[in-house]
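Model, not experiment: these values are computed from the prediction. Only this structure's heavy atoms are used, side chains among them; waters, hydrogens and symmetry mates stay out.
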Amino acid sequence: MDEQNRQQDESGTNETPEYSFLQEVIKDEVGNPKKRRRMIQRMVGLGFLIGLAASFIFSVCKPWVEDKLAGNPGEVTIPRDEKSISAKDKDALSKSENNDKKKDNYSKSVKSLNEVAKKGQKSVVALMLSDETGSGNVSTLAGKQFSGVLIADNGRELLILGPRVEEDVQNLQVTFCDGKKYNAVEKKSDANLGLAIYAVDESQLKKSTEKSYRLAPLGSSYEAKKGDTTVLLGKLFGQGNAVGYGVLKSCSKTVNRADGIYSILSTEIAGFTGGSGVMLNRNGEVLGIICDAAGEDKNNELMHAYGISDIKETMELLSNGEDVPYVGLYATDVSKSMAKERKIPRGIYVDKVDADSPAMHAGIQSGDVIIAIGGKDVESFEDYHTILMKKSDGKRLLVKGYRRGAKDKYVAVHFRVTVGSHP
């Protein structure tokens, strides 16, 4: 019995006391003033570095963030086309090719053109003017309808190319291919060519419209040839949407406008005053823009369109809200043979100068010969046009040339021209 009690006492002395884990010692690790100061200094230094990094990131990203939040439109760029052969050569070359095209299967050709028209209609919109002008007066063009083509998306707006409206009409309605209607505004216009860019705010588009519309692919009118099959879409006869299939009758004709010459595509389809729309090739690419301003004859006997390649520079400027450079002269190339026979300096011969234009104010007259502009030589009206289109509104240019003087001798003259925009 004594032995049993003794064993119990020994076992009791080896047991760990209950709740011994609660016995802790708390040390004051920051109680040391030096350690406290070092910790504060580290925190201040770390905060400074974080703030510096945040400031740098903000300054770098600020322009991008502002563009996204403010919805500023991106710049629109339209690729240019290069001429391979002259328009007259294309008309001659196409005669031999037309014989081969007649061998094409007719049913396949019709089916292919129908597909082109079906896709193309997704890019064509109808525009209608409202009752009031920007000044609040009743518009004389109220209810006027015309067609436009969707050519670009700048990230905030859908841009539409179409005929220019003479009046300052602010209330404009656009109908898309799904039948939905939206408000639009004129972004920029060019009175010289009679064209304008209209803009539709993308934020107002419904899902059905977003899924149905299609930006029109732009082709090259420089590659078009006489006899090529074309598809015409839009309000070709002034009212109502129409589809037409035709053959290019000519690619060699041109129309003179201030500061440039523009190619005109004509089809065998009868024209109509007030008609508007778009001309497509068999690949569904835009070849030309149909409008009254492109008509070269007053009777509009045939359907005419501006060749798309010659107006791409204008389209890009208008799409970015910029004025088209304007001086206001019309000219003819002075060829080597003409210069030799008539003893005229080589350059461009001024046929006419617009009244109240920058050219007139600078003193340029019909009969003058221009040989250089902005420090660059000019041997053709195309050279002159290319140089001018790269200048901005308000830019002063030195124009060098010759003027016929006493005894029919040409004397050197120069002019200071300030580039403007067409009124």
Extract all donor-acceptor atom pairs below 3.5 Å that involve side chains of residues 187-196 and protein atoms in other chains or at least two apart in sequence.
| residue | atom | partner | partner atom | Å |
| --- | --- | --- | --- | --- |
| K187 | NZ | E157 | OE1 | 3.1 |
| K188 | NZ | D323 | OD1 | 3.0 |
| S189 | OG | R164 | NE | 3.3 |
| S189 | OG | E186 | OE2 | 3.4 |
| D190 | OD1 | N192 | N | 3.4 |
| D190 | OD2 | L193 | N | 3.3 |
| N192 | OD1 | A258 | N | 3.2 |
| N192 | ND2 | A258 | O | 3.0 |

For atom [atom1] of [X], decide whether the heavy atoms of other residues, nucleotides or ligands shown that lie under 6.0 angstrom number more than 12.
X	atom1	result
K312	NZ	yes
K180	NZ	yes
K400	NZ	no

What is the distance from atom [atom1] of [X] to atom [atom2] of [Y], rounded to the nearest 0.5 Å?
X	Y	atom1	atom2	answer
S123	R214	OG	CZ	5.0 Å
S309	L265	OG	CG	9.0 Å
D259	S357	CG	OG	8.5 Å
I370	Y384	CD1	OH	8.0 Å
C251	L287	SG	CG	8.5 Å
M128	Q173	CE	CD	5.0 Å

Using the side chain to side chain donor-acceptor pair (under 3.5 Å) criterion, which residues pair with [X]? Sequence neighbours excluded.
X	result
N183	none
R346	none
S421	none

Side-chain contact test, heavy atoms from C-beta onward, threshold under 4.5 Å: evaluate it for [X] versus [Y] and give yes or no.
X	Y	result
E316	L318	no
T332	I348	no
Y213	L150	yes
I387	V378	yes
F381	D351	no

How close do [X] and [Y] get, heavy atom to heavy atom, and via which atoms?
X	Y	result
T386	K390	O-CG, 3.6 Å
Y262	H385	OH-CE1, 3.3 Å
M315	L218	CE-CD1, 3.8 Å
R416	A362	O-CB, 3.4 Å
P358	G420	CG-N, 4.0 Å
I261	A331	CD1-O, 4.4 Å

Decide yes or no on side-chain contact (heavy atoms from CB on, under 4.5 Å) for I151 and I160, but give the supporting numbers first.
CA-CA 6 Å; I151 62 165; I160 302 165; over 6 Å; no
How would you list all residue pairs meeting salt bridge (Lys or Arg N to Asp or Glu O under 4.0 Å) that involve [range], not counting sequence neighbours?
range	answer
residues 352-377	D368-R403
residues 272-281	none
residues 326-339	none

Can you name the residues that form a side-chain contact (heavy atoms from CB on, under 4.5 Å) with [X], not counting sequence neighbours?
X	answer
E285	P217, N281, N283
V116	V231, L280
T267	T230, L232, L248, I269, M279, M303
P325	L317, L388, M389, V419

If you look only at pairs with a residue in residues 386-423, which of them pass as a ring pair (Phe, Tyr, Trp, His ring centres under 6.0 Å), with sequence neighbours excluded?
Y326-H422
Report the C-alpha separation of Y182 and T175 in whole Å, then their side-chain angles, then the decisive distance to 0.1 Å, and conclude whether the side-chain contact (heavy atoms from CB on, under 4.5 Å) test is met.
CA-CA 7 Å; Y182 303 96; T175 304; over 6 Å; no
I would like to know whether D310 and Y222 meet side chain to side chain donor-acceptor pair (under 3.5 Å); could you show each step before the answer?
CA-CA 9 Å; D310 282 346; Y222 295 152; 2.5 Å; yes
Which is it for V350 and Q365 under the side-chain contact (heavy atoms from CB on, under 4.5 Å) test, yes or no, and what are the steps along the way?
CA-CA 7 Å; V350 178; Q365 301 175 5; over 6 Å; no
Could you check V149, N241, V286, V124 and say which one makes a side chain to side chain contact (heavy atoms under 4.5 Å, CB included) with L233?
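Result for side chain to side chain contact (heavy atoms under 4.5 Å, CB included) with L233: V124.
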Any side-chain to backbone donor/acceptor pair from [X] onto [Y]? Under 3.5 Å, distance only.
X	Y	answer
S319	V76	no
S380	D383	yes
D228	A224	no
S276	S147	yes
N320	E322	no

Between Y330 and S366, is the side chain to side chain donor-acceptor pair (under 3.5 Å) condition met? List the steps.
CA-CA 9 Å; Y330 302 74; S366 59; over 6 Å; no
Consider only side-chain N and O atoms of S263 and Y306, and report whether a donor and an acceptor are under 3.5 Å apart.
no
Just do the side-chain contact (heavy atoms from CB on, under 4.5 Å) check on Y245 and N114 with the steps written out, would you?
CA-CA 9 Å; Y245 305 109; N114 288 337; 2.7 Å; yes
